[in-house]
Structures are given as structure tokens and as C-alpha cells.
Amino acid sequence: MSPPGAAARPSAGPLHNAGISRFAEPQDTGFRRLNDSIGFDWRLSPYDVDQSIAHAAMLAAQGIISPADEAELRRGLEQVRAELTDGSFPFADGDEDIHMAIERRLTEIVGRVGGRLHTARSRNDQVATDVAMFVRAHAREAVERIGRLAGTVLEQAERHLDWPMPGYTHMQRAQPIYLSHHLLAYVWMLLRDRERFEAVVAATARMPLGAGALAGVNFDTDRRAVAAALGFSEVAANSVDAVSNRDFVLDYLGAAATCATHLSRLGAEIVLWSTEEYGFCEVSDAWASGSSIMPQKKNPDAAELLRAKAPRLVSNLVALHGVMHGLPLTYNKDMQEDKEPLFDSCDTLELCLEAATGMLDTITFRRDRLAAAAADQFLAATDIADLLVRRGVPFREAHGVVAGLVRHAIDEGKQLSELTPDELARQSPVLDDEFYALLRDGAWLETKVSEGGTSLARVREQLQQARAALRLA
Ligand code: ARG
């Protein structure tokens with residue numbers, strides 16, 4: 001599908017009033033520019049054509065139109081679909097929105113019978129149905145893309161299973177962890193994102209079509225047949241709700257905002273880790289750019305943009321909440337404002353997921369730099385406190401003892417392992433050789449044996465859980 005081409009794009013002149021003879025005066029050009037949605041809602045066209053074909057088939061099956069008329073409508077709609085697909089669809093001045101454009105073109109192709117298509121249908125239930133189908137398709141796309149990204153991150157976790165690195169709180173080195181453990185945190189975030197998009201798919205299960213303008217229609221329609229043909233599992237039970245509802249758009253925008261927020265945290269970490277100061281990773285050339293003036297530079301632009309896109313998706317969510325809040329039932333033209341935020345969030349999220357997957361697939365981590373940062377002995381402070389706890393000291397007191405040791409070591413310019421037994425004894429009588437053993441070889445990583453912790457056995461267990469959740473196992 002392609003947008004109305006420049007030549008064919010409606011010029012928004014003061015021509016007509018959609019052929020509606022209630023009006024004596026033409027529409028103002030300013031009104032048309034404000035009111036027309038064809039400039040963006042052309043993207044609903046595949047769903048609108050599918051919907052119309054299913055609707056016409058139902059009208060014929062119910063004896064509301066003749067089989068011959070239905071065949072003509074189908075033929076015309078298939079031609080419309082082909083024209084929309086190959087870009088030859090002639091958009092016309094006066095096409096207010098995609099629904100009017102398709103019906104206008106259909107009537108050009110099949111003649112007067114084209115006017116029968118809109119029997120027992122309003123643009124109010126029509127647009128709600130198109131948008132529900134659009135949301136369903138893009139929520140499924142998000143589920144796919146999130147699965148691919150999570151799979152890529154999981155592979156990186158497997159590749160870097162036992163690479164120590166510092167874990168941070170407040171951006172201060174806190175406790176060492178394995179890189180695999182850190183990366184798996186993103187896998188769980190993405191798994192929750194995927195669940196949210198699965199819930200969005202579920203939120204589109206009830207078909208609005210058949211609600212008419214708001215009260216139902218004056219024909220004995222078969223909504224369930226249309227729903228089945230269009231992949232809806234139910235029909236919306238209340239026609240007033242059906243044409244007023246945009247919850248599924250809000251749900252998509254909410255899921256997209258949260259997912260983009262996760263991607264922004266991933267991007268932010270890659271940006272930091274790519275600096276000379278951290279030196280934990282390097283993005284591949286394919287996902288970086290150079291500087292126009294500084295030849296030495298390799299910028300992690302993709303990661304920066306992942307970091308920056310999130311607020312835009314949040315603002316799309318906020319924008320539609322603004323439109324919908326306080327809006328009296330049922331359809332109001334305000335609701336036309338659902339589309340641009342939705343389309344923008346779909347496009348942005350799908351691109352970000354693809355970029356994150358490409359960048360993460362080709363990133364290189366630097367074991368030496370990660371290990372050097374993880375070897376900072378102050379990261380063992382909690383473990384030393386726990387050693388004192390095992391010797392019978394209450395944790396809060398142990399915390400104070402270790403804080404004293406750390407302060408003393410800093411004052412003396414020493415590593416913790418360089419403190420003498422005498423210096424230890426001054427802080428606590430129960431510190432013995434196990435203190436030194438604990439500081440050797442980063443052994444304290446392997447003491448995090450609690451479920452969900454960083455010891456290798458637990459990370460392996462977690463990898464299995466993540467594989468199963470991703471349906472990879
Ligand atoms: N372009 C409109 C929209 O996006 C279609 C529905 C128009 N309905 C109406 N009663 N004017 O919301």
C-alpha cells in the first residue's frame with residue numbers, strides 16, 4: 001500500500017460537500033485540511049477492503065443484497081485492492097478518508113451497485129473495525145519482533161555465561177554479577193512486553209462491525225459470520241460501546257510505551273558501556289557511525305536513539321488519553337485523532353525492535369575490562385558482613401564493622417585483602433583467615449546461591465526458564 005501520490009493527493013480545494021445535498025455551500029478549504037484524514041488513514045486500506053468483502057458476502061447470505069450484486073462488489077473491491085497494492089489507486093480530490101475513497105472508486109468501477117456496499121454499516125463501526133484489525137496485526141508483529149530480540153539477548157547471555165562484571169545501584173559499583181545474569185534481566189523485561197502485546201491482541205477480539213452508527217442497524221445481519229471471516233472471536237455485545245471504544249488502541253500504545261522504555265534502558269547502558277571510561281563493549285561497525293570532524297570516533301548512535309525514542313511513544317499514549325478522557329459517548333470526530341499516534345508508535349517500535357536485535361546480535365563484550373571492574377574488592381563488602389553474621393554478629397552491627405574496614409582501607413590506600421590481621425582485629429574480634437579466602441578469585445560471586453541469584457548454577461537454571469518462556473527449549 002502506498003500513500004496518496006503527490007499527483008493524486010486531494011488538493012483540499014473548496015469543491016464539494018461529499019456530494020451530500022443537505023449542504024448548499026461548499027466546504028471551506030481550511031475545514032477540509034482539518035477534517036480530512038486521507039493523508040494518514042490510507043494505511044487502513046487493506047483492512048477496509050477485507051472488511052467490505054466480508055460485509056458484502058454477509059449481506060448477500062442474509063438476502064439483503066442479491067448474489068449478483070455481491071459478485072460485482074467483490075470484483076470491484078478486488079480491483080481496488082490491486083490498485084492500492086500496486087500504487088495505481090487514483091485518489092481524488094474530495095476523498096475525505098479512506099472509507100469514502102474506496103467506496104467512491106468502487107462505484108466508478110462497478111457503477112451504481114457500489115452504493116449498496118454501505119447498507120447496514122456506518123463509518124463509525126467501519127473505522128472502529130479497521131483500527132481493531134490494524135492493532136491486532138501490529139500487536140502480533142510486536143510479539144514476533146520481541147521474541148526475536150529476546151532470543152538474541154538470550155544467546156548473548158549463553159555466550160557470556162561466566163564473565164564477571166560489577167552490578168550497580170545508584171550507578172555505583174555494588175556487587176559483582178555475571179554478564180549473563182545482567183543480560184537475562186532484559187530477557188525477562190521483554191517477556192513481560194510480549195505478554196502485554198498478547199493481551200493487546202486479546203483486547204481486539206470483539207468485532208465492532210454491525211453496531212451501525214451507534215444503535216444497531218435496521219437489517220437482520222449476521223455479525224458472527226462477518227466476525228469469523230475477519231478473524232474476530234466475538235462480536236461487541238453493545239453497539240454504543242462498540243463505536244465508542246478505543247481501549248485496544250490505548251492498550252497498544254501502553255504496551256509500546258513500556259517496551260520502548262525497556263529499550264531505552266538497554267540503549268542507555270550500551271551507550272555508557274561503549275565509552276572509553278567503561279570499555280565494557282563495542283557495537284559493530286554496522287550499527288555505529290563516525291564523526292564528521294573527529295576521525296577517531298565511533299558513535300553508538302543506534303543505542304542513543306533507542307534511549308531517545310521512549311518519550312515519544314509515551315507521548316503518543318498520553319495524547320490519546322487526552323483525546324478520550326471526558327469524551328461523551330458515542331463516536332465523536334475527536335476519535336479520528338487515534339490514528340497518527342498509533343501509526344507512529346507502531347512504526348517506531350517495530351524499527352527499534354529490529355535495530356536492537358541487529359545491534360545486540362553483533363556487539364562485542366570485553367572480558368578484560370568487565371573483569372577488572374568486577375575485581376574491585378569493595379564489591380565484597382556485603383559478603384564480609386555476611387561472614388560476620390555467620391560468626392553470630394547481628395547484620396546491622398556487621399554492616400558497621402565492614403563500613404569501618406572500608407573507610408580504613410581507603411584512608412590507608414589499601415585493598416581490603418592488604419589489611420593486616422591486626423587491622424582486622426581492631427574492627428572486629430571474629431574476623432579470621434576466611435576474610436582473606438573470601439576476597440580471593442572473586443569467589444563471592446558463587447556464594448549468591450539463592451534462587452534468581454548470580455551463582456552459575458542459578459544463572460544456568462534461569463537460562464533454562466527463559467528458554468522455556470521464550471518457547472525455545
Ligand atoms: N475518518 C473518520 C475517523 O477516522 C471515520 C469515521 C467518520 N465518521 C463520521 N461519523 N464522520 O474517525
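Atoms within a ligand are numbered from 1 in the order they appear, just like the ligands themselves.
- Among protein heavy atoms, atom 10 (N) of ligand 1 sits closest to N124 OD1, 2.9 Å.
- Applying the 4.0 Å criterion to heavy atoms of S37 picks out, from ligand 1, the atoms 1 (N).
- The neighbour count for D220 CG, taken as heavy atoms of other residues, nucleotides or ligands under 6.0 Å away, does not exceed 12.
- Between the side chains of W188 and Q462, at least one donor N or O lies within less than 3.5 Å of an accepting N or O.
- If you number the atoms of ligand 1 from 1 as listed, the ones under 4.0 Å from a heavy atom of D97 come out as 1 (N), 2 (C), 5 (C).
- The contact set between ligand 1 and K339, taken as ligand atoms under 4.0 Å from a residue heavy atom, comprises 3 (C), 4 (O), 12 (O).
- Taking CZ of R307 as the start and CG of D301 as the end, the distance is 10.5 Å to the nearest 0.5 Å.
- Rounded to the nearest 0.5 Å, atoms OG (S233) and CZ (R224) are 10.5 Å apart.
- Residue contacts with ligand 1, taken as heavy atom pairs separated by less than 4.0 Å, do not involve E96 at all.
- Neither side chain, Q465 nor E461, offers a donor N or O lying under 3.5 Å from an acceptor on the other.
- By the 3.5 Å distance cut-off applied to N or O atoms, Q336 is counted among the residues near ligand 1.
- Closest to atom 11 (N) of ligand 1, if we only count protein heavy atoms, is R123 NH2, 3.5 Å.
- Between H55 and the options Q126, R121, H118, a side chain to side chain contact (heavy atoms under 4.5 Å, CB included) holds for only R121.
- Nearest non-hydrogen protein atom to atom 3 (C) of ligand 1 is Y331 OH, 3.2 Å.
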